[in-house]
Amino acid sequence: MQEKGNISIHTENIFPIIKKFLYSDNEIFLRELVSNAVDAVQKIKRLAALGQYNGSLGDPKVSIAFDADTKTITVSDNGLGMTAEEIKKYINQIAFSGAEEFVEKFKDSKDANELIGKFGLGFYSAFMVADQVEIQSLSFQDGATPAHWVCDGSTEFEITEGSRTERGTDIILHINPDSEEFLDKHKLEGILEKYCKFLPVPIQFGTKTEYKSADVAEEESFDEAEIVEDDTTEDTATEGKEEKEEAKKEYKKPEEIEVPNIINNTTPIWTKAPTELKDEDYLKFYRELYPMTEEPLFWIHLNVDYPFNLTGVLYFPKVKNDIELQRNKIKLFSRQVFITDEVKDIVPEFLMLLHGVIDSPDIPLNVSRSFLQADSNVKKINSYITRKVADKLAELFKNDRKSYDEKWNDIGLFVKYGMISDEKFYEKAVDFALLTNTKKEYFTLTEYKDKVAPLQTDKDGKVIYIYCTEPEKQDSFIQSANKKGYDVLLMNSPLDSHYIQKLESKLEKVQIKRVDADVVDKLIDKEEKIESVLTADETTKVKAIFEKAINRKDMKVSVEGLSIDEQPVTVTMDEFMRRMKDMAKMGGGMSFYGMMPDNYNVAINGNHKLVSRILNTEGEEAQMKLAKQAFDLALLSQGMLTGAELTEFVNRSLQLI
Ligand code: ADP
Ligand code: MG
């Protein structure tokens with residue numbers, strides 16, 4: 001039997017394109033070939049289960065071997081095998097049915113996955129690294145003849161009778177000079193580790209020599225030449241023995257013989273039922289996925305089969321403030337083949353902070369961006385995961401409030417992120433989102449409103465929540481607020497400016513202000529007017545003195561009647577303006593505000609003794625000096641006095657003493 005043929009008349013250009021445009025991703029050839037081999041093994045198992053194959057299955061496995069001398073990589077399986085006809089049908093025709101379109105459309109594409117997926121080029125990805133590919137295959141079918149296919153990377157192929165004596169397939173790649181980096185144990189191990197670690201069929205890996213040595217060691221009398229269709233003939237061979245003895249000597253000294261290792265875990269925990277698993281199993285798997293990482297807080301086991309199929313385990317890590325570092329930790333699998341750790345389109349944005357594994361056969365191996373965006377399953381998967389995560393948090397909250405409070409520091413950022421970015425999640429999270437105050441107490445949104453409403457409701461019936469972002473710097477304001485009986489929330493995480501904005505838009509009759517947004521007497525407008533001891537004339541004078549002393553365009557001075565025990569001078573920034581600027585800093589589409597200069601209000605407490613003293617001081621220069629001193633003290637207490645101004649202040653203070 002010998003046959004030559006042409007793959008397709010339209011495909012002259014296809015190999016150069018595969019090589020050129022897929023180059024950056026060329027390691028995926030191994031993923032493609034190994035998963036084809038795994039499929040072949042799964043298929044023969046299924047045929048056996050269905051009674052359509054009655055021969056012995058043997059130990060189902062896939063082996064990968066390389067030989068640096070002959071520059072080959074071989075992927076072997078004992079799957080269902082292919083006849084010559086099947087090779088022609090599956091390898092030649094299918095792959096190139098869309099070749100013409102392929103050449104036209106993807107001349108400029110850079111997404112190898114997209115190309116491979118769209119045009120069924122899985123097998124042909126071998127040509128990214130090989131300039132000749134051989135298939136040796138023996139079909140499981142009764143009386144099948146082994147087939148040998150060779151293609152040198154042009155559009156021509158050749159089929160002859162093959163030499164395989166046992167059911168299954170070898171794919172032999174003759175590695176091209178540009179790709180010799182793949183003829184390396186560590187390189188291949190790395191790729192297999194990435195894509196094949198959890199494949200459902202045992203995967204062996206070794207050098208060619210290791211395999212030969214192992215064969216010799218395991219099956220002393222094995223002889224290829226004598227073998228017929230039946231594996232009971234093993235021990236009839238004698239002729240090949242000499243050769244084998246030689247091979248033994250030539251290849252390795254005994255202590256170097258290494259039986260190829262099974263490199264994968266065929267039943268990772270996400271394939272098991274949650275009832276079979278203990279906490280320790282989940283933690284062990286987590287350590288396997290992310291060595292050197294802190295233990296996760298808790299996890300959820302995903303398991304659905306309708307309307308889409310999905311399994312997985314998602315872990316909640318301790319979320320640190322550096323969100324970027326924690327992203328892209330979820331690994332996406334399709335039937336246990338690793339696809340990618342960029343799950344951006346499958347997992348809702350805010351859940352990207354989670355770790356773990358998602359496996360869905362509904363997501364094709366050759367997943368591409370445009371596919372994911374268009375796929376309706378992906379949207380369903382998205383909302384399923386969101387719901388599961390919300391349910392888990394609600395359950396933790398309900399079952400053990402105390403330990404939930406303790407975990408809040410670690411999960412708070414994540415929950416807030418979800419509430420800001422996902423309306424459905426917000427709806428669920430209002431029940432278990434917490435607020436923390438400066439006394440480190442935790443409240444749900446409802447609990448908090450009930451707590452502060454009695455003292456913090458303004459004249460229009462709005463409840464004013466007060467918060468601080470930097471308790472150290474804002475201490476004088478916090479103390480003033482506490483003195484009035486007001487509670488102060490702690491909002492110091494990077495997302496809080498957005499979170500506050502969100503809460504304000506969702507919570508009815510609630511307004512949220514930073515503790516230094518105004519003087520404490522006016523932070524909550526209760527229409528309790530405090531009389532000023534100053535006359536109108538004196539008020540104008542005080543204002544003029546301070547304006548001249550401060551002399552800054554960004555400081556707007558006003559004189560007010562405040563409590564006598566309040567500071568003489570307070571520097572504040574309008575809540576709205578400051579929040580918009582904070583959000584602009586975090587990148588919230590508010591860049592317009594980011595460009596505005598900082599503008600402050602300077603409130604002079606007309607009722608403070610120091611103000612009367614300044615009024616009664618003789619001489620403009622002396623008045624100004626005192627006013628400036630009082631202003632600088634206000635800046636100092638808020639950490640706003642620095643550099644030359646601070647030096648000047650220190651010198652002036654020394655003089656005054
Ligand atoms: P896909 O895997 O998406 O079908 P491929 O190009 O990877 O596309 O493979 C084409 C076909 O070739 C497979 O569907 C399968 O029928 C056949 N095939 C490839 N590798 C093997 C193998 N090792 N054993 C049996 N059949 C195989
Ligand atoms: Mg394939």
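Atoms within a ligand are numbered from 1 in the order they appear, just like the ligands themselves. Please read all numbers here as calculations on a predicted model, not as lab measurements. The first residue in the sequence is number 1, and the count goes up from there.
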K.L.:
Using heavy atoms and a 4.0 Å limit, tell me yes or no: is M82 in contact with ligand 1?
P.N.:
yes
K.L.:
Within the 4.0 Å heavy-atom shell around T169, which atoms of ligand 1 are there?
P.N.:
23 (N), 24 (N)
K.L.:
Is the Mg ion (ligand 2) less than 2.8 Å from at least one N/O/S atom of N36?
P.N.:
yes
K.L.:
Any donor and acceptor pair, going by atom type alone, linking the side chain of R164 with main-chain N or O of R167 inside 3.5 Å?
P.N.:
yes
K.L.:
For ligand 1 and D77, I'd like to know whether there is a polar contact (N/O to N/O, distance under 3.5 Å).
P.N.:
yes
K.L.:
Does T169 use its side chain to pair, donor to acceptor, with the backbone of N78 at less than 3.5 Å?
P.N.:
no
K.L.:
Does the pair R287/E295 count as a salt bridge with the N-to-O cut at 4.0 Å?
P.N.:
yes
K.L.:
Could you check whether F285 and F198 have their ring centres less than 6.0 Å apart?
P.N.:
yes
K.L.:
Using ring centroids (six-membered ring only for Trp), state whether W149 and F123 fall under 6.0 Å.
P.N.:
yes
K.L.:
Using distance alone, determine whether Y124 and ligand 1 share an N or O pair under 3.5 Å.
P.N.:
no
K.L.:
Indicate, as side chain, backbone, both or neither, the part of I171 found under 4.0 angstrom from ligand 1 when only non-hydrogen atoms are considered.
P.N.:
neither
